[in-house]
Engineer: 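This is the structure, below, for whatever I ask next.
What you see is a predicted model, and the numbers here were worked out from it, not measured in a lab. In what follows, chains carry the letters A, B, and so on, assigned in the order in which the sequence lines appear, proteins first and then strands, with residues in each chain numbered from 1.
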2 protein chains.
Amino acid sequence: MAHFFVCHGRDEIPRWRMAFPESSWVGPTQALEQVGRGDLAWVMSNLDGWETLVRDLVNRGAVLVVLSYTPDPAEASLALNAGARGYAHALSPAVLLRQVALVTSNQGIWVLPELLSSVVGGTFKALGGRARMHGETLAALTERERTVALAVAEGKSNKVVARELDITERTVKAHLGAIFRKLGIRDRMQLVLRLSQQEVGIADHSH
Amino acid sequence: MAHFFVCHGRDEIPRWRMAFPESSWVGPTQALEQVGRGDLAWVMSNLDGWETLVRDLVNRGAVLVVLSYTPDPAEASLALNAGARGYAHALSPAVLLRQVALVTSNQGIWVLPELLSSVVGGTFKALGGRARMHGETLAALTERERTVALAVAEGKSNKVVARELDITERTVKAHLGAIFRKLGIRDRMQLVLRLSQQEVGIADHSH
DNA sequence: ATTGATATTGGACCGATGGACAGGGCCTGG
DNA sequence: CCAGGCCCTGTCCATCGGTCCAATATCAAT
């Protein structure tokens with residue numbers, strides 16, 4: 001995973017290099033050529049068309065962080081809506097930049113703490129607090145059954161699960177039987193789909 | 001920095017302990033007594049009044065992550081608005097939980113990739129969106145194999161797929177064999193996991 | 001003490017699954 | 001023309017998965 005700082009030539013900031021000695025420094029055009037899947041790109045918000053650039057790089061699978069000399073909530077929203085995973089001050093200390101890299105490269109979102117409330121709060125009223133159901137997908141299962149269900153849902157075979165839990169394969173089947181019955185499903189496939197939150201055509205089942 | 005899992009007594013999930021062996025297990029009332037500044041608290045969304053609990057704990061300086069059996073965007077909104085820094089599936093694998101802990105304890109926000117788009121804005125689907133993921137793994141397959149793979153990944157049996165595509169069950173098996181070989185997986189379970197989620201240890205395989 | 005839920009195991013049965021081996025036709029690039 | 005990819009089909013077979021028939025032991029509640 002390579003690091004790219006995308007900015008005007010004049011804007012190279014020493015502490016960036018301090019934070020990531022291995023990183024590359026490129027302009028917008030080189031960025032489009034060099035940045036690829038899994039790379040981490042830091043894009044300055046003083047570039048013309050930085051939003052488009054961010055979208056493009058995000059679309060090709062890069063992790064994007066937008067850096068700004070003048071952070072503000074509106075710009076943060078633009079950055080996040082463009083697909084960026086982070087928004088920070090361009091002059092953040094090296095240690096903070098590393099923290100941002102850590103967070104964003106682990107599926108996290110990082111925005112300046114001061115801006116957090118406005119960014120997060122703003123996007124929420126659009127959703128509207130609707131009813132969320134307390135589906136008892138797994139809640140209806142016993143402890144043991146949950147354990148088995150989870151193991152199976154990771155793709156493990158009955159035999160493997162049996163070894164792991166130090167029980168007989170036969171017992172695993174018994175638990176699975178109970179699981180299927182309680183959840184109203186037929187096989188482990190449905191279980192996986194259920195646990196990965198896909199809506200599965202629920203079987204009618206008449207027993 | 002201590003770890004606390006706040007849930008019903010019945011809901012203790014083995015992989016939580018697997019992820020954080022040192023963590024404590026408490027009910028809502030004990031949580032209010034024991035959780036303090038800098039602690040990381042995981043709160044189940046099936047608790048009565050979890051939102052209030054989250055607000056209280058956040059106010060005293062704790063880092064909060066909400067876990068749900070049935071994640072959905074609306075609930076994610078509630079969680080983040082209550083001050084939580086993370087929102088994940090209660091049955092997330094241990095490695096993912098550690099990732100969430102890493103991100104949230106570093107000022108980051110962590111939300112289920114699938115929900116990211118609805119939480120943050122419009123364009124986040126470019127990242128964790130299902131379409132992209134699919135395109136990635138399915139790119140190596142032929143048209144027909146893709147069709148079969150998707151059908152199987154919906155939980156359909158070979159027989160059903162055969163009927164739908166108007167081919168022999170044998171042919172479905174043949175396609176599946178090619179799919180498994182190309183993707184380096186062993187069975188349909190791995191296929192479902194590959195197509196429906198991200199993590200999951202995939203077998204290496206050398207072809 | 002009886003009942004109920006939970007966890008465990010046994011055997012047997014049979015359909016579903018996946019691999020091995022072996023073909024058929026079709027089409028495209030060399 | 002031929003090699004190679006794609007799509008289709010066949011048989012054989014070992015294994016896996018799910019369900020039916022059980023049974024035993026623990027533990028909590030009635």
Engineer: Please state how far atom NZ in A:Lys156 lies from atom P in D:dC16, giving the value in whole angstrom units.
Structural biologist: 17 Å
Engineer: Could you check whether any side-chain heavy atom of A:Val152 comes within less than 4.5 Å of a side-chain heavy atom of A:His175, counting everything from C-beta outward?
Structural biologist: no
Engineer: Atom CG of B:Leu165 and atom C1' of D:dC8: how far apart are they, to the nearest Å?
Structural biologist: 12 Å
Engineer: Looking at every strand, decide which applies to A:Ala178 at a 4.0 Å heavy-atom threshold: base, sugar-phosphate, or nothing.
Structural biologist: nothing
Engineer: For the pair made of CD1 in B:Ile167 and P in D:dG10, what is the distance, rounded to whole Å?
Structural biologist: 11 Å
Engineer: Has the side chain of A:Arg188 got a donor or acceptor that lies under 3.5 Å from a partner of the other kind on the base of D:dG17?
Structural biologist: no
Engineer: Could you tell me the separation between the CG atom of A:Asn158 and the P atom of C:dG15, rounded to a whole number of Å?
Structural biologist: 19 Å
Engineer: What is the distance from CD of A:Glu169 to C1' of C:dA12, rounded to the nearest Å?
Structural biologist: 14 Å
Engineer: Among D:dC7, C:dG10, C:dT8, which nucleotide sits nearest the side chain of A:Arg170?
Structural biologist: C:dG10
Engineer: Looking at B:Gly155 and A:Met189, what are the two nearest heavy atoms and their distance?
Structural biologist: CA-CB, 4.2 Å
Engineer: Counting only side-chain N and O atoms of B:Thr168, is one of them less than 4.0 Å from OP1 or OP2 of D:dC8?
Structural biologist: no
Engineer: Roughly how many Å is it from CD1 in A:Ile185 to C1' in D:dG18, rounded to a whole number?
Structural biologist: 12 Å
Engineer: Check whether any side-chain N or O of A:Ser157 sits under 4.0 Å from OP1 or OP2 of D:dC16, and answer yes or no.
Structural biologist: no
Engineer: Tell me, do A:Leu165 and A:Val172 make a side-chain contact under 4.5 Å, heavy atoms counted?
Structural biologist: no
Engineer: Quick check on DNA chain C: between A:Asp166 and A:Lys182, whose nearest nucleotide comes earlier from the 5' end?
Structural biologist: A:Lys182
Engineer: Tell me whether the OP1 or OP2 atom of D:dT19 has a side-chain N or O from A:Lys173 closer than 4.0 Å.
Structural biologist: no
Engineer: Figure out the CE/P separation between B:Met189 and C:dT17, and round it to whole Å.
Structural biologist: 10 Å
Engineer: C:dT8, OP1 or OP2 - any side-chain N/O from A:Arg144 closer than 4.0 Å?
Structural biologist: yes
Engineer: Rounded to whole Å, how long is the line connecting atom CG of B:Leu176 with atom P of C:dT17?
Structural biologist: 9 Å
Engineer: Taking the side chain as C-beta and beyond, is there a heavy-atom pair between B:Trp42 and B:His3 under 4.5 Å?
Structural biologist: yes
Engineer: Is any side-chain nitrogen or oxygen of A:Thr142 closer than 4.0 Å to OP1 or OP2 of C:dA7?
Structural biologist: yes
Engineer: Quick one: are A:Lys182 and A:Thr142 in side-chain contact, heavy atoms under 4.5 Å?
Structural biologist: yes
